[in-house]
Each structure stands twice: as structure tokens, then as C-alpha cells.
Amino acid sequence: MPVQKVNDSSDLDAKVPSHLQRTSITSLTMTSEPSHRCVKATVVHKGPVISCAQKDGIEMLRAEIKEEDPLQRTAEHTSINVIFFGTLAKDFSQSARQGDVVLLADFTIKKSPSFLRDKLHPCQLEMDGKDDFVYVCPSAGPSHGPSSSEAKYTYVPLNDLKPRTVVNVYGVVTFFKQPFPSKGSDYCSTLKITDQSDFKVGCNIFSKKLEDHPILFRVGDIIRLHRFKTDVFRDSMSLLNTFGWSTVTFDGTTDSPVVPRTSSKSFHFGESDIRTVQELRQWAANQSWISNDLKVSLSTVKPGMYFDLTCQLLAKAVMDSRCILLKVWDGTKCKHPLLNVAVASDALEGESTIVKDRMNLTANVLVYDNHLEMARELKPGTFLQFYNLHALLQRAPDQQPDQSEHLSFHLHGGTSYGRGLRSLPAESPALQSLKSVLEKHVDLDEYDEVNDGTLLEIWYTPPEAVVRTCEHNTRRLTLARVKRSTPPLSCHVRARVKKYKPQQLYQCLKLFCSNCKTMEDVPDDSAVAKVFRESAKDSQPCDEQWAATSSASSREPGRTISMHISRDMVGESTHMQLIFIEGTTLDEICVLSRDYKNLVPVRSVNSRMTLMDLTAPFLFSGDKRYYGCKQCSLNTFQNPVFTGVETWDEQAVAQALGVQLMQYRLLIQFELEDQTDTLEALLWENTERFFHVSAVDASGSQDLQDKIQTIMDTIQPPDSSLEERPWLDLCLSVYTVKDDDRNKVCYQITNTEIKEE
DNA sequence: GCTTAGGCTTGG
């Protein structure tokens, strides 16, 4: 179905078929049932139609939509990416514009591959146009808004202000300082505003509560002031908040949605406000003081400059009580070599920036004094706005005087020139261009090969916990890419362990029949002990022609313990290597197995020697117990042959008894994760090499089981956050198995070993 | 209670 247009937002609501239910973007999750849901939101960004090489050249378009309900403003994840495919992409590109309201239904909910970067929403919506349903309502015209009641407020143009009156005004912000502590009891915001009259008016706002201060991101933002007192100061009019005051601010970008920013839960906001904001935006766009304000990026910054920088925080470290280091990037490459402030990796919060450092993408910002309070709260990944940042050429401490100096950045103490920093919400229009630049780097780590030198830190991992042992030099892929690949395939990935199963590691020890491929858990001692108890009950020692028998009474009356040795072996050097034992408990045979090499527990059925139920081991050998496969073991015990064997081991015993020996194996299921996706991979055929532990040895050794636990604790430290877990360089095998006549794609970790010190 | 600031570069 092509994109449909309606003229009024309320018509959109009428288009919602009765079987569909409106859902808020905030509440969408990967497990949401999408088929009966629809969302209504404003287009805040519309990308170009691009042809996707990875999907056979299909055309696609990315748009970002935002929930329009202002009451949702403080909720997280009110914006989400929508990917349109095929003709729907072209259709949407022609029919919808930024600011339009859209109604979408029958979309697919996918995990957002860009969430770690854009922080928008953990999910994204995908629409391929088959049964999907897209309505667009153009933003032109007073079509929507929370309230259309008549204006209760009158706004005084800035050239009409009279001294000592209380007024409401609208203005475009030409200068501002983030709130700072005054010498009195309050925080103070200082700003200057102007309007179409071109009068400039200073304004001070005092409030103890930081959240009551206007939310200003940059010059050009629009502010509405209610109940401000006018006065004359140094021959100019000025404004001061007075009882009952409030402020609301708006982004100044023309054509972006008019979204009020305020901490106030109830405020008046109507269509006339939208009109006023749009008029001020239009007017300001043509004013030289704003249109000449070219944006400085790391690629255009010059040494000595004071400038505003929009960027993303990568990592941070406390230097001392008056200084915090923020490592940031804006996706552009600096023309001057950037100073790298070395910090111990354990003092750094956030990911290593080493690959971005190498590409001259990381700016080291030293934040001083009064700005620490703000900097301390910041989390890596946050989008940041610096005001009046100082670019300085500086020599690193270990640099020779003849080497070129490096560019560093200082956010000096004080608030002059509006100096400061603040975090920007992910959906801020001011971030659109930054995000699209960062997005280009995502493409690099999504699609490029390993060794092309343009890799992001996703590929970098100190310290190495594992090493690959494979000879092949196949491509390293992201997990998202692995999932899109067609098996069979070998590839390399860089990932961290999100989870693994079984959490009780002794359960990773399995019994595997190489004949019928059955795999089962190792029976626990209580089940085995029960088989022994039942076999020993009321039994008379068996009497076999081929065996020499000696018996002894047990401590329990009526229970006899018998030992049988093959007469064939008597006189041979091997005669004490294989002993059949009858009437013991599990504990007793365990004690005896310390002194005898191979003990086969047996029971008597009508005086004939018979193997025990194969739930129990058929052989005890030192610390080890060997099991037989219930399906594949032949019953050839009636006439056993014990000649011609030099050394009895579990293989020889199994063969003589007609038992199909089960092998010990180790099986662990990992949930791997990288920046693009998660994937479940088995450690199965390669487990022994991975841990440098043999499964059969581990079966009889607590030390070896502890070793496996210790290794697992290094690659997935208990209670660690994802950031604290090491990246693992893994070789993966992608293959298919038949599962109920359907091909299922499986992933196994191969050719990878733990690195031992 | 009714000041505070009223832009105007750190100096690491």
C-alpha cells in the first residue's frame, strides 16, 4: 500500500482501523506484538533514499520519528528510527517532510543497530511496503497542538517595554550562560534576547532549583518569559523573574517541530505559541548574527580559538580535584595532531579510544573548576555541547622541543563568554548533523574488513584473553553481519560474553555417544548409588565358569561382596588389571578403585554375571568413571573373551564387555555481543582446546573443574558490567543442522584458545 | 527574606 496523505491530524486518528491499537514509542520493545499496533509521531529527520549493497541493491530510507505528545517529553526513548524499504522508501521520500505527522502500522520491530551510538531507542521499525500502512499529515497549517483555547497571554515587543512593569515576552536568545551559583542563595541564569524589533534586552533569572532554569542549548534558541519585571540598568532595559514566573524554550531551527522545553508539568501552550516561534525562527534565520555563526568542528578548529563544540563523550577520567579529562569526538578528523592525555586504563571510565586516537578523531578536553560539577555527572555515550572551549597548542610532557605541538582543549574555570558544558538530549535537532557524521563511521565498522586501518575501537582489546589458532585469514565480521551471512562459513568476530549456560559449570560436562550421537548429562551420585543399592539387594554371588571368585561378608548382614577375575588372565601379567566386583555400595567401590586399576561393577541374575543398569558407570578407573550408551551397547557379556590384551584401558574393557563407550565432552553455550548484535554460539567440538582441559580428566578432577570456572570468570567476570568484560577475538563456524526437517543455522566457536600466562 | 547579576576569556 502506498503512502496515503490526509490534511488534518485528527483525520489520522480516523484512519486507525478498529483492530489496531495506538502504542507509544516509549513502550515499544523487541517483544512487543506489532501486528495489531500503530504509532503516531512527528518526522524529525528524513534521510535520503539509498541503495543498500548488502541487500541486493534494494532502496532504503531512514527516518526518525518522535512522539508528539508534549507530556511524554521527559520519558526516555520517545524517538525511534524507521527504515523504509523498496518503493515505500521512494514513496515516503516524496510524500513526507520533516515536521509532518505520520501514522504507521504493520511494521516489524527490530533491534536498533545504532542504539549504542544514537541513544535513540533500543528498537527500530522496519517497513517493506507489502501490507504496511503509512499515513502522512503535512505540518503546514494549524493542524495540531495541545490546546487551542484563546490566548490568555499578551506578549510585549522588546522595543515597547516600559520600566517597572511585569510583562510576558518572546525572544531569540543571542547570548546565555548556563545557570551558575550566585553569591547569594540562588543559581543565576544570564541571557540576552532580541526579537523582530532588533532591540536587545538582558535578562537575569534567579532560582534555587536548577531544573526551573530555562533549558538552553545554543544561541538561536527561542525563549518565552512569563511574569518578568522590567527595569533600567545602565541605560538599557533589563528583565528579572518575579513571583509566578515561568520560562519555556524551543529549538531555533526553522522547519523543526515546535517542541516546548520546560520542567513545568502544566503550562499554557497553544497554536499562537507555535506561530510566534515559527515567526521568530524565520526572522532570526535571516539575521547576520546567527546565520554567520558558522559551526566549528574538529576538522575546522584553529589553534587559539574559543569555540562551541557539539560532540559525543567517549571516555572520562578524574585528573585531580580541580580537573576532569573528557575524551570526545565529533566524527571529523582534526587537521592538527591531537594531544593524547595518557591515563591508566583503570582510571578511565568508558571504552578505550585507541583506534580513534590513531585516526586523529579523539579530542582530549580538560575541564576545570566550576565545570566539574557538570562533568562528573556525564556518562560515556552522552552527546555534549561545550561553550567557549579553548583550543591550545601544547607539547606533550615526553615530546622533544623540535616536534610539532599537539592540539588540546581546555574548558577553563569561570563563566565568561558563556563558558560551560551540558549534555544534549539524543533527539535534539542540534544533533542531527553530528549523528549523521557518526553514522558514517558505523558503516565502517559494519562493513569494512579488518585490516584496512580505519577501524573503530570495536576491534581493539587490551588485554587479550584468548588467541586464535587458525591459519586462515578470513574476514572479521560484526555479529550483525555474521547473522546475515549464508552458511557454511568460517569467520572471525570480536565480541564479549553477555551470558553463558550452564551457569553451574559442572553441568557443562556431558556424555556423548559417537555412534548414535546421543548426549546426556552425567548421572548424579544419588542416581548411581541407587543402582548399586538395588543391585546388591538379596543377591547370591554369581558363579561363572570363566571366573575365579573370592567373597567376603559386608558389614550389613546378608550382603556379600565378591571379586571375580577371569581365569583366562590368571597367570598373565595383566590378571590384576581387570576385576569384576559384586555387592558393593557406590562408596565402597570408590574406595576400592584407589587400589585397583579397573573395577567393573556387576550383579548376579540367576547366578549369572550381568552388567548393572547403564545408568551406573560400567567401569571405575582411579578417579574416573566410564559410562556405556544404553542404545548402542551390545549384550555380549555372556561369553566374554579376555585374552590378547596387553594393557587394559576403558576402550579395551568396553570392547570386551560389548559396551559402547560414551565419551566425556564439555558443552557451553555463549551469548556473544558486539556493538551490532547478539548471537548464540556453542563451544562444543573445540572446548578441550579452548580451556586446555580434557573433558575426561575434568570428570574426575575438582581442580580442573575449578580451572574452567576461573577461565570463565576472566572472560565474564561475575557481576561485571558489559564494559568491564574483555573483548574476545574468536573464530566462528557457521553451519546448518536439520531440525524437524528445517534447516537451523548454528554457530560454534572454533580454533580459539584461552591465553595462558 | 526579596540579595544574587547586570555577559566581556585561563593562565592548568
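Chain identifiers are assigned alphabetically (A, B, ...) following the order of the sequence lines, protein sequences preceding nucleic acid strands; residue numbering begins at 1 within each chain.
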Checklist entry - What residues form a side-chain hydrogen bond (donor to acceptor under 3.5 Å, both in side chains) with S246(A), not counting sequence neighbours? => result none
Item to check | For N168(A), side-chain hydrogen bond (donor to acceptor under 3.5 Å, both in side chains) partners two or more places apart | outcome: none
Checklist entry - side-chain hydrogen bond (donor to acceptor under 3.5 Å, both in side chains) with T382(A): which residues, sequence neighbours excluded? => result none
Checklist outcome for this item: Expected list for residues 321-328 of chain A near DNA chain B, using heavy atoms below 4.0 Å, is R322(A)
Checklist entry - Among pairs that include at least one residue of residues 162-184 of chain A, which meet ring-ring contact (aromatic ring centres under 6.0 Å, His included), considering only residues two or more places apart or in two chains? => result Y155(A)-Y170(A), F176(A)-Y387(A)
For residues 233-243 of chain A, which side-chain donor-acceptor pairs fall under 3.5 Å, sequence neighbours excluded?
residue	atom	partner	partner atom	Å
S238(A)	OG	D231(A)	O	3.3
N241(A)	OD1	F206(A)	N	3.1
N241(A)	ND2	F206(A)	O	2.8

Checklist outcome for this item: Residue set satisfying side-chain hydrogen bond (donor to acceptor under 3.5 Å, both in side chains) with T165(A), at least two apart, ordered chain then number -> T230(A)
Checklist entry - Which pairs pass salt bridge (charged side-chain N to carboxylate O under 4.0 Å, His left out) with one or both residues in residues 240-250 of chain A, sequence neighbours excluded? => result none
Checklist entry - Considering only heavy atoms, which members of residues 159-178 of chain A lie under 4.0 Å from some atom of DNA chain B? => result F175(A), K177(A)
Checklist entry - Base, sugar-phosphate alone, or nothing: which one does S182(A) contact when heavy atoms must sit under 4.0 Å apart? => result base
Checklist entry - Is R227(A) positioned over the aromatic face of W245(A), cation under 6.0 angstrom from the ring centre and no more than 45 degrees off axis? => result no
Checklist outcome for this item: With a 4.0 Å cut-off (strictly under) to non-hydrogen atoms of chain A, the first and last hit nts on DNA chain B, 5' to 3', are dG1(B) to dG12(B)
Next on the checklist: Under the rule for salt bridge (Lys or Arg N to Asp or Glu O under 4.0 Å), what residues qualify as partners of D357(A), not counting sequence neighbours?
Outcome noted: none
Checklist entry - By salt bridge (Lys or Arg N to Asp or Glu O under 4.0 Å), which residues pair with R224(A), not counting sequence neighbours? => result D273(A)
